[in-house]
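The structure appears right after this line, and notes come after that.
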Protein chains: 2
Amino acid sequence: MKSGYKYSKHHVAVDCIIFGYEKNALKLLLTRRVFEPEKGKWSLVGGWLRENETVEEAAARVLLQFTGLKDIYLDQVHVFSDPERDFGGRVLSIAFYAMIRIDQHDKKLVEKHGAKWWNYNRIPDLIFDHSEMLESAHEKLKLKASYELIGERLLPSRFTMLQLRKLYEAIFQYSFDPGNFRKKVLSLRVLKKLNIKNTTESKRGAYYFSFKKKSEFPLSDRIVKLHNKTSHS
Amino acid sequence: MKSGYKYSKHHVAVDCIIFGYEKNALKLLLTRRVFEPEKGKWSLVGGWLRENETVEEAAARVLLQFTGLKDIYLDQVHVFSDPERDFGGRVLSIAFYAMIRIDQHDKKLVEKHGAKWWNYNRIPDLIFDHSEMLESAHEKLKLKASYELIGERLLPSRFTMLQLRKLYEAIFQYSFDPGNFRKKVLSLRVLKKLNIKNTTESKRGAYYFSFKKKSEFPLSDRIVKLHNKTSHS
DNA sequence: ACAAAAGTGTTTCGGCTACACCCATGC
DNA sequence: GCATGGGTGTAGCCGAAACACTTTTGT
């Protein structure tokens with residue numbers, strides 16, 4: 001592509017921290033690096049940025065290639081740009097984190113690329129600064145999860161309150177009070193209770209929930225409090 | 001610099017959203033673009049990434065060049081990478097926001113570069129996607145200011161509670177209750193009251209405050225609550 | 001006298017926490 | 001019967017919000 005600029009150019013990569021959730025455990029998709037340097041070592045899933053795409057498109061392309069999934073949730077984490085970070089030369093890397101539903105992805109693609117899902121609390125050593133990227137991504141995930149109820153992109157389409165809570169406990173490494181967690185989550189009015197019970201995880205059986213679609217949100221939820229609010233002068 | 005990689009390379013720029021604060025108003029440093037395309041139009045302060053520096057170093061270099069200041073607070077905002085975003089060719093831009101004390105910077109440098117401080121609510125049209133960058137930076141600034149007391153890097157070394165509150169009101173575009181704001185801020189225990197009064201902004205006079213240095217934080221502040229806390233199993 | 005900011009006190013409200021308690025059921 | 005998760009209720013605490021009120025001083 002043409003460019004009128006005459007300054008130095010740089011290799012740019014995207015690296016994806018791909019979170020998944022299965023069997024009450026937070027997971028991460030890692031791959032063995034297929035070229036030198038550090039060939040064969042465990043690495044985040046990444047790829048090179050091409051001429052005519054945004055970094056988001058590059059990350060989505062990499063995700064598609066490794067999981068067969070489109071329209072995956074992606075969010076920029078940070079740019080890592082230490083000139084020495086990649087032993088093979090100066091490479092900027094833009095880290096993204098993604099959330100995918102493990103039950104939906106293409107396992108054969110994962111195998112084909114020599115990738116593997118790892119339990120989040122047993123991650124092997126990673127190349128370069130990938131551990132640092134992972135940590136930043138985890139922080140960002142926690143921030144997001146503290147602002148809004150996540151799970152729609154990690155859990156199966158229906159799930160019990162226990163499964164949702166275990167997801168949060170895995171993300172925050174913290175035990176939440178079951179009753180309080182339930183009340184808080186339900187107060188957000190983003191879930192709907194299904195008339196189906198899961199009986200595999202408890203004797204009594206627990207109702208399944210799913211995330212409401214946009215069209216299912218009632219229009220009449222309270223918009224403003226009924227008393228005065230200080231407004232800007 | 002040597003590189004073993006054989007993939008396409010990209011122009012990479014940094015653009016800085018430089019916040020300042022003066023006369024009870026939030027300000028932004030903008031410059032006139034000095035080369036084509038869009039020469040002469042208002043733009044964020046930016047520069048090209050060089051071979052042997054991080055993007056943070058590039059941003060700091062640009063800041064030094066425009067303000068004469070070192071050790072400025074800088075934080076990554078977002079990467080903007082639409083192939084069409086820069087009319088002159090494919091350029092990735094990494095946006096940073098910075099906070100500087102207007103009273104400390106070198107005004108001659110600003111003039112020399114044809115830059116100018118703008119009142120935040122009267123920003124002119126900006127080139128490319130710079131308005132979008134600005135908006136993202138503002139969001140990020142608000143997030144930071146909601147988590148911790150900022151002002152140390154924007155206000156003079158001593159300031160009144162009124163000045164601090166006006167800063168927050170400028171950032172959030174919202175009027176805060178003076179009494180409640182004061183109590184909240186003081187409860188954070190990060191400010192110290194000086195024995196000097198400012199009498200220019202009120203008849204009665206208001207004590208100056210300054211941010212505590214690290215060494216001034218008491219070691220004996222309560223660390224944990226004295227009752228049990230649910231811990232992770 | 002009055003306006004305007006400084007600074008303190010008080011009441012109310014809502015959300016979070018801890019925890020008690022009953023339910024349903026498989027073992 | 002008992003252990004386990006499901007699910008509901010409630011008392012206490014704490015911080016935010018609203019707002020009253022006193023102080024000080026320049027005009």
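Residue numbers begin at 1 in each chain, while the letters A, B, ... track the order of the sequences.
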Just how far, in rounded Å, is [atom2] of [N] from [atom1] of [X]?
| X | N | atom1 | atom2 | result |
| --- | --- | --- | --- | --- |
| A:Phe176 | C:dC16 | CZ | P | 12 Å |
| A:Leu191 | D:dG7 | CG | P | 13 Å |
| B:Tyr207 | D:dT24 | OH | C1' | 12 Å |
| B:Leu164 | C:dA5 | CG | C1' | 16 Å |
| A:Phe181 | C:dG15 | CZ | C1' | 16 Å |
| A:Lys166 | D:dG6 | NZ | P | 9 Å |
| B:Gln163 | C:dA5 | CD | P | 13 Å |

Exercise answer: donor-acceptor pairs, residues 107-126 of chain B side-chain atoms, under 3.5 Å, sequence neighbours excluded:
{"residue": "B:His113", "atom": "ND1", "partner": "B:Leu109", "partner atom": "O", "Å": "3.0"}
{"residue": "B:Trp117", "atom": "NE1", "partner": "B:His105", "partner atom": "NE2", "Å": "3.2"}
{"residue": "B:Tyr120", "atom": "OH", "partner": "B:His138", "partner atom": "ND1", "Å": "2.9"}

**Asked** Who pairs with B:Asn198 by side chain to side chain donor-acceptor pair (under 3.5 Å), at least two apart in sequence or on another chain?
**Response**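 Partners of B:Asn198 under the side chain to side chain donor-acceptor pair (under 3.5 Å) test: B:Thr200, B:Tyr208.
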**Message:** Holding to salt bridge (charged side-chain N to carboxylate O under 4.0 Å, His left out), I want the full list of residues that pass it with A:Asp82, two or more places apart in sequence or in another chain.
**Reply:**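 Applying salt bridge (charged side-chain N to carboxylate O under 4.0 Å, His left out) to A:Asp82 gives none.
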**Request:** Go through the structure and list residues passing salt bridge (charged side-chain N to carboxylate O under 4.0 Å, His left out) with A:Lys41, not counting sequence neighbours.
**Result:**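 A:Glu38.
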**Request:** Name every residue in residues 194-206 of chain A that has at least one heavy atom under 4.0 Å from any atom of DNA chain C, in order of residue number, or write none if there are no such residues.
**Result:**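 By residue number: A:Lys203, A:Arg204.
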**Message:** Taking 4.0 Å as the cut-off, does a side-chain nitrogen or oxygen of B:Lys184 come that near to OP1 or OP2 on D:dA16?
**Reply:**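 Result: yes.
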**Prompt:** Yes or no on side chain to side chain donor-acceptor pair (under 3.5 Å) for B:Gln76 and A:Gln76, after CA distance, side-chain angles and deciding distance?
**Reply:** CA-CA 11 Å; B:Gln76 282 189 22; A:Gln76 283 189 21; over 6 Å; no
**Prompt:** Base, backbone or nothing for each nucleotide of nucleotides 8-13 of chain C, written B, S, -, heavy atoms under 4.0 angstrom, 5' to 3'?
**Reply:** BBB---
**Prompt:** Is the B:Tyr207 to B:Phe209 ring centre distance short of 6.0 Å?
**Reply:**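 Between B:Phe209 and B:Tyr207, which both carry aromatic rings, the centre distance is not below 6.0 Å.
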**Prompt:** Using 4.0 Å as the upper bound for N to carboxylate O, is an ion pair formed by B:Arg61 and B:Glu57?
**Reply:**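 Salt bridge between B:Glu57 and B:Arg61, a charged N being under 4.0 Å from a carboxylate O: no.
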**Message:** Checking side-chain polar atoms at under 3.5 Å, does B:Tyr97 have a donor or acceptor matched by the opposite partner on B:Lys144?
**Reply:**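 Short answer, no.
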**Request:** Find the distance between CG (B:Asp75) and CG (B:Leu141) and round it off to the nearest 0.5 Å.
**Result:**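 Reported to 0.5 Å precision, the distance equals 10.0 Å.
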